[in-house]
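Below is one structure; the comments refer to it alone.
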Amino acid sequence: MLEISRIRNDYNAVVDGFLKRHLPADTIQLVDEVLQQDELRKTAQAELDQLLARRNQLSKEIGSLMQQGKREEAESMKQSVADIKTAAESLQDTMNSAKERIENILLQLPNVPQAIVPQGRTADDNELFRDWKGSLPAPGDKPVPHWELGKKYRLFDFELGVKITGSGFPLYRGKGAKLQRALIRFFLDKAIDAGYEEIIPPLLVNEDTARATGQLPDKEGQMYHCTVDNLYLIPTAEVPVTNIYRDVIVQESDFPIKLTGYTPCFRREAGSYGSDVKGLNRVHQFDKVEIVQFQHPDHSDKALLEMVEHVAGILDELGLPYRIVRLCGGDLGHTSSITYDFEVFSAAQQKWLEVSSVSNFETFQTNRMRLRFRNADGQNQLAHSLNGSALALARVVAALLENYQTSDGIEMPSVLIPYTGFERID
RNA sequence: GGAGAGUUGGCCGAGUGGUUUAAGGCGCACGUCUGGAAAGCGUGUUUCCCAAAAGGAUCAAGGGUUCGAAUCCCUUACUCUCCGCCA
C-alpha cells in the first residue's frame, strides 16, 4: 500500500509511474480522489479534535462542580456537552467514511515503478538484463520433454495426482522425490551460507497476514481459501515469512534482516490452460525456497542486486542455461517497484521458463505491515522489504531433466550429488 | 468439543466511574557522582493524526451507557488452565 504522504508530496512522480504501468485512466483518477478524501479527512479531524478538547475540558469542570456540591451549575453544563456530542458524531461519520474510502483506494493502487524500470506494455517489452552467453541445446538433438522422462524413469506421476487430488497436483516418487528433496536442501544451504536465517512457517495464514503482503484483496482468487476457518493456503513463503515483522519496530542496527524458508506453494491458477500448463510448467502445488530481506531504504537497491547474484550463482552451479529479464512497467506485479525474472531454457520445449522473480517492494509492503525502524533522528521510518525465489522447484526440475538427459539416463549436476546420493537417473 | 480464567506501555505489574495527567518496578537513554566503573541520585522513555505548537486518539478489536469509561453493558478475536480427543 502506498503511503498517502507520498501521493501528497510526489503527485507527479506517482501519476507518471502509473502511466508507465499503463493503468486505465479511471484508476489513475483515483489518485486525485484519494487526495480529495484526504483533505476532507484532515479538515474533519481538526474540527473534531477541537470539539473533543472542549468536551474534555467541560467534563473536568463538571466533575469538580459535582465534588463541590454545585449540582445546579453542573446540570446546566451538561446540556452544552450534549450539543458538542451531536456535532462530534456527525464529524466522526464524515471522517470515518473518508478514511474508509482512502483505505479502499490505496489498496487498489499499485507500487510506483523505479526510474530504471523499462517502458513497455507486455512481457514482450521486458528488457534483457543479462543474456545467456553459452550455446543452447538445439531442437535437432531431439530432447525428450520432462513429462515423458518422468514417466520413463518413474520420477513423478500426474495421473496419481489427479486420482488423489486433481490436475496440477503432481506426485513425486523414487529418485524423483529424492531429487526434489536434494534441491530443497541445496537451495536452503546456499541461502544459509549467504547469511539468511532459516524459517519453517505455517502454511495456512489468516486474513490479516494475506492482506499485509498484498495478496488480499489483489489476488484473492489465486489462493486456496479454507472458508470454515477463514484461512488461506500460502501461495509463497513470502507471505508468512514477511509477516514475522508485521507491527514491529526494529533498530537501524538490526539491518539487514535476512530470512529464508522452504515451503510448498499453493496456487489456484484459475483460468490457465494450454501448453503452458503441460507437465511441471504450471501446477497448483510446487516447492520453493524463498529469500526475504528487510533493509534500510538507502541500501535496498544494493540488496536487490545481491539477491539477483545469489540466484544467478545457484543457476551457474546447476549448470542450467538462464537469462535475466528486467520487467517493464506494464508487466510489473502490483506490489513491486522493480523486478528481475530468471528464466531457464527448456531443451525439449525450446522455450524459456520463469524460475525466479526477485523484487524490491520498497515501503509498499512495510507500510501495510507497519514495519518501521528508528532512524538516526529518532523518528520511526518504514523499512524496505525485498524477496525472491531461490528457487522454485518444479520448473527447475523440468529444465534439469531435459537438459541433462542422455540416450540412456539423466546425469546429475556435480553440486547435487552429495544431496541426491546418486550420480544419474536410469 | 466441554468448563473456567485472562488480555493494561519495550517487559513485569497496580488500577471497580472524576487529583489516572495510566501508580510502582525492571529495562533503556542522558546527566550527576567517580581516577574509571558499579551502586546511589536526577531527568527522560507507548504509538498514531496534524507542517508544527496547542490539541486529539490510543489500556485486545468494535459497538453501547454516561456530562465523563482502562473501569459498567453487549459482540468478536486471541491467550492460558483443566477435561475430552489426538500424531
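Any value given below was found using the heavy atoms of this structure, including those in side chains, with hydrogens, waters and symmetry copies removed. Letters A, B, ... mirror the listed sequences (proteins, then strands); counts begin at 1.
For A:Phe169, the ring-ring contact (aromatic ring centres under 6.0 Å, His included) criterion is met by A:His284, not counting sequence neighbours. With sequence neighbours excluded, the residues that form a side-chain contact (heavy atoms from CB on, under 4.5 Å) with A:Asp125 are A:Arg121, A:Thr122, A:Cys328. Here A:Lys99 pairs with A:Arg41, A:Met95 under the side-chain contact (heavy atoms from CB on, under 4.5 Å) rule; sequence neighbours left out. For A:Gln50, the side-chain contact (heavy atoms from CB on, under 4.5 Å) criterion is met by no residue, not counting sequence neighbours.
Using a cutoff of 4.0 Å between basic side-chain nitrogens and carboxylate oxygens, A:Glu39 and A:Lys42 are scored as salt-bridged. Salt bridge present: A:Arg211 and A:Glu207 bring a charged side-chain N and a carboxylate O closer than 4.0 Å.
One C1' atom belongs to B:G1, the other to B:C11, and the distance between them is 35 Å to the nearest Å. Separation of the C1' atoms belonging to B:C50 and B:G36 is 48 Å when rounded to the nearest angstrom. Between the C1' atoms of B:C28 and B:U65, the separation comes to 41 Å (whole Å). For the C1' atom pair drawn from B:G68 and B:A61, the interatomic distance equals 23 Å after rounding to whole Å. Distance noted for atom P between B:C59 and B:A53: 23 Å (whole Å). Annotation: B:U16 and B:C72 have their C1' atoms spaced 9 Å apart (nearest Å). Here the separation of B:G55 from B:G64, taken at their C1' atoms, is 26 Å to the nearest Å. Between the P atoms of B:U45 and B:A23, the separation comes to 11 Å (whole Å).
Here the C1' atom of nucleotide B:U45 and the CG atom of A:Asn380 are 13 Å apart, to the nearest Å. Atom C1' of nucleotide B:C48 and atom CZ of A:Arg41 are separated by 11 Å, given to the nearest angstrom. The CD atom of A:Glu47 sits 16 Å away from the C1' atom of B:C49 (whole-angstrom rounding). Put simply, CD on A:Gln381 is 15 Å from P on B:U47, counting in whole angstrom units. With rounding to whole Å, A:Glu103 atom CD is found 14 Å from B:C49 atom P. Taking atom CG on A:Asp208 and atom P on B:C78, their separation rounds to 11 Å, with Å as the unit. Following rounding to the nearest Å, A:Leu382 (CG) and B:U47 (C1') show an atom-to-atom distance of 14 Å.
Nearer the 5' end of RNA chain B, as judged by each residue's closest nucleotide, is the contact made by A:Ile249, out of A:Ile4 and A:Ile249.
Sorted by residue number, the list of members of residues 30-39 of chain A with any non-hydrogen atom under 4.0 Å from RNA chain B is empty. Near-neighbour residues of RNA chain B inside residues 363-374 of chain A, defined by a heavy atom below 4.0 Å, number-ordered: A:Arg372, A:Arg374.
Within the structure, side chain to side chain donor-acceptor pair (under 3.5 Å) contacts touching residues 417-426 of chain A (residues at least two apart or in different chains) are A:Asp189-A:Tyr419, A:Asp408-A:Arg424, A:Glu411-A:Arg424, A:Arg424-A:Asp426. Residue pairs meeting the ring-ring contact (aromatic ring centres under 6.0 Å, His included) criterion with at least one partner in residues 4-39 of chain A, sequence neighbours excluded, do not occur; the list is empty. Applying the ring-ring contact (aromatic ring centres under 6.0 Å, His included) rule to pairs touching residues 235-254 of chain A yields A:Tyr245-A:Phe294, sequence neighbours excluded. Applying the ring-ring contact (aromatic ring centres under 6.0 Å, His included) test to residues at least two apart or on different chains, the pairs with a partner in residues 194-213 of chain A are A:Tyr196-A:His310.
Of the options A:Pro235, A:Pro264, A:Ser389, a side-chain contact (heavy atoms from CB on, under 4.5 Å) to A:Lys288 is made by A:Ser389 and by none of the others.
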### Query
What string of B, S and - do you get for nucleotides 54-75 of chain B 5' to 3' if you count protein non-hydrogen atoms under 4.0 Å?
-BSS--------BBS-------
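Figure legend: cation-pi geometry between A:Lys175 and A:Phe422, with NZ or CZ positioned under 6.0 Å from the six-membered ring centre and within 45° of its axis.
Stems are defined here as 3 or more consecutive Watson-Crick or G-U wobble pairs with pairing distances under 3.5 Å; those involving RNA chain B are B:1-7 with B:77-83, B:10-12 with B:24-26, B:27-32 with B:40-45, B:47-49 with B:55-57, B:60-64 with B:72-76.
Side-chain contact annotation: A:Gln215 with A:Gln222, donor-acceptor N/O pair under 3.5 Å absent. A side-chain donor from one of A:Ser337 and A:Gln114 sits under 3.5 Å from a side-chain acceptor of the other.
Between A:His299 and A:His296, the angle of the ring planes lies from 30° to 60°, which puts this pair in the tilted group.
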